[in-house]
Protein chains: 2
Amino acid sequence: MTDNAAPPSDLTFWSFVDYAVRKAEQELPSVNTDAMRMVLTLNRATSMVIYDLESSVHRPRGLTWPGFRVIFALWLAGPMEAKTTAEISGMSRAALSALLNTLERDGLIVRERAAHDRRALQLSLTEAGYGAILGSFRAHNRRESAWAQALEPDERRELVRLLNKLMAGSTDAKAKFRS
Amino acid sequence: MTDNAAPPSDLTFWSFVDYAVRKAEQELPSVNTDAMRMVLTLNRATSMVIYDLESSVHRPRGLTWPGFRVIFALWLAGPMEAKTTAEISGMSRAALSALLNTLERDGLIVRERAAHDRRALQLSLTEAGYGAILGSFRAHNRRESAWAQALEPDERRELVRLLNKLMAGSTDAKAKFRS
DNA sequence: CCCGATTGATCAAAGGTTTGATGATTCTGA
DNA sequence: TCAGAATCATCAAACCTTTGATCAATCGGG
């Protein structure tokens, strides 16, 4: 611990990014501050958006964020096998399996054995599930729109372009993905 | 369900973004696709980065992602009260309380009653905690650097600027934050 | 001064995630 | 054909998170 400038007393989740980058550079001069700032900012911005969506849109309607992701995927790409659902909704098959217990209990989805491969599971939305995703997604999209208004249209496009480029580089970086 | 163009069979976590935006517009013509694409992209890009960091850097070292966030905050801004730690590491006080049990058991942090307010908790890193964050953060930052290389320096700055602007708009959007 | 309101941490119950193991089914190559 | 390998879902244990309740300590207005 090199220095002891007291941390500002008004540090917040968001303002911590700047503070952390400066302080880390003091502690560890070899740090790559550009990369640090980028990842820290990306992570925190996303946390705030998702937390807002989950707590203001989905929880009040009885859905968790992962539950929403699954019925959202089934709405747009379903019916489909559990393996595919796990892949496109971004969770492991084990996590999906646990989550499906809740969604099935709540009557939103149906599990059926696949005809062509008796190991596999075919997932589909029930009528209630269809109703739930329709209502939830509308509210979700209204909330997204409020967030999106902070940027100009071309800024939104640029943000998307940069994130796409970042992901395109992930194979180069040999990133680890969910199995 | 308007149309039944079969979902591409090679849908992945990442390519689902494009598919979902197109399909949602068919299902629900009133959808704000710009906002939808932005939030979906933001969320998925971040998931991939964080999953990679957690699974390739932190878990192998015996840390979870939330555990890392907490000792990272204590490293740079600590010692400090639990309430502040929760705020700047982005979790509720209840979640932090549970998490501290693990970190304390593993000998990385110390809980002490604050002198000036006997309700409050003063948190600090142990020697082991300091060693853990130093080693973990170095590896973490190397991994961040690999990701960051996918963008040009000015693109990284632009990404950060856009995310900052997005967050600046969050108060307008009356976003809900952690209490 | 003191009682009611607020604040800080923790608890409890329900839920989702991880890794690694298990059991069932299907595939593959000799 | 058939035995070993791969694949699919699920389970188990440990962990983190959420909401809402509880308890102790502190603050503030009358």
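Just so we're on the same page: letters track the sequence lines, and every chain starts at 1. Because only heavy atoms are used, hydrogens play no part in the values below, and waters and symmetry mates are left out as well, while side chains stay in.
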Novice: Give a yes/no answer on whether the side chain of A:R113 brings an N or O atom under 4.0 Å of OP1 or OP2 in D:dA9.
Specialist: no
Novice: Show the nearest heavy-atom pair for residues B:I71 and B:A132, with the distance to one decimal.
Specialist: CD1-CB, 4.4 Å
Novice: Heavy atoms, side chains only, cut-off 4.5 Å: are B:K165 and A:E152 in contact?
Specialist: yes
Novice: CG of B:L121 versus P of D:dC23: gap in Å, rounded?
Specialist: 19 Å
Novice: Under 4.0 Å between a side-chain nitrogen and a carboxylate oxygen: does that hold for A:E25 and A:R37?
Specialist: no
Novice: Is any side-chain nitrogen or oxygen of A:T102 closer than 4.0 Å to OP1 or OP2 of C:dG15?
Specialist: no
Novice: Using whole Å, what does the distance between atom C1' of nucleotide C:dG16 and atom CZ of A:F68 come to?
Specialist: 17 Å
Novice: Mapping B:D117 and A:L100 to their closest nucleotides on DNA chain D, which lands nearer the 5' end?
Specialist: A:L100
Novice: Calculate the interatomic distance between B:L53 atom CG and C:dT18 atom C1'; express it in whole Å.
Specialist: 16 Å
Novice: Determine whether any donor atom in the side chain of B:R118 lies under 3.5 Å from an acceptor atom in the base of D:dA25, or the reverse, and answer yes or no.
Specialist: no
Novice: If you check the A:A94 side chain, which of D:dA9, D:dC15, C:dT18 turns out closest?
Specialist: C:dT18
Novice: In whole angstrom, give the distance that lies between atom CG of A:L96 and atom P of C:dG15.
Specialist: 16 Å
Novice: Let me spell it out: for each of B:R59 and B:R111, pick the nucleotide of DNA chain C with the closest heavy atom. Which residue's pick is nearer the 5' end?
Specialist: B:R111
Novice: Students often get this wrong, so: under 4.0 angstrom with heavy atoms, is A:A120 touching a base, only sugar-phosphate, or nothing?
Specialist: sugar-phosphate
Novice: Could you see if B:F16 belongs to whatever hydrophobic cluster contains B:Y51? Use Ile, Leu, Val, Met, Phe, Trp, Tyr and a side-chain cutoff under 4.5 Å.
Specialist: no
Novice: Using heavy atoms to find the nearest nucleotide of DNA chain C for B:E81 and A:M91 separately, return the residue whose nucleotide is more 5′.
Specialist: B:E81
Novice: Atom CZ of B:R69 to atom C1' of D:dT17: distance rounded to whole Å?
Specialist: 10 Å
Novice: Using heavy-atom distances to pick each residue's nearest nucleotide on DNA chain D, tell me which of B:A115 and B:G67 is more 5'.
Specialist: B:G67
Novice: If only side-chain N and O atoms of B:S97 are considered, is one of them under 4.0 Å from the OP1 or OP2 phosphate oxygen of C:dA9?
Specialist: no
Novice: A:M167, B:V21: one ILVMFWY side-chain cluster at the under-4.5 Å cut-off?
Specialist: yes
Novice: Whole angstroms only, please: what is the CD1-C1' distance between A:I50 and C:dT17?
Specialist: 17 Å
Novice: Name the nucleic acid region contacted by A:A95, choosing base, sugar-phosphate or nothing; use a 4.0 angstrom heavy-atom cut-off, strictly under.
Specialist: base
Novice: Do the side chains of A:L42 and B:W147 get nearer than 4.5 Å, heavy atoms only?
Specialist: no
Novice: Using a 4.0 Å heavy-atom cut-off, does A:A82 contact any base of the nucleic acid, only the sugar-phosphate backbone, or nothing at all?
Specialist: sugar-phosphate
Novice: Which whole-number value in Å describes the distance from A:L63 CG to C:dG15 C1'?
Specialist: 13 Å
Novice: Under 3.5 Å, is there an N or O donor on one side and an acceptor on the other linking the side chain of B:R119 and the base of D:dT26?
Specialist: no
Novice: Given D:dT18, D:dA9, C:dT17, identify the nucleotide with an atom nearest to the side chain of A:Y51.
Specialist: D:dT18
Novice: Verify the contact: side-chain N or O of A:S92 to OP1 or OP2 of C:dT18, cut-off strictly under 4.0 Å; return yes or no.
Specialist: yes
Novice: Rounded to whole Å, please give me the gap between NE2 in A:H58 and C1' in D:dT17.
Specialist: 17 Å
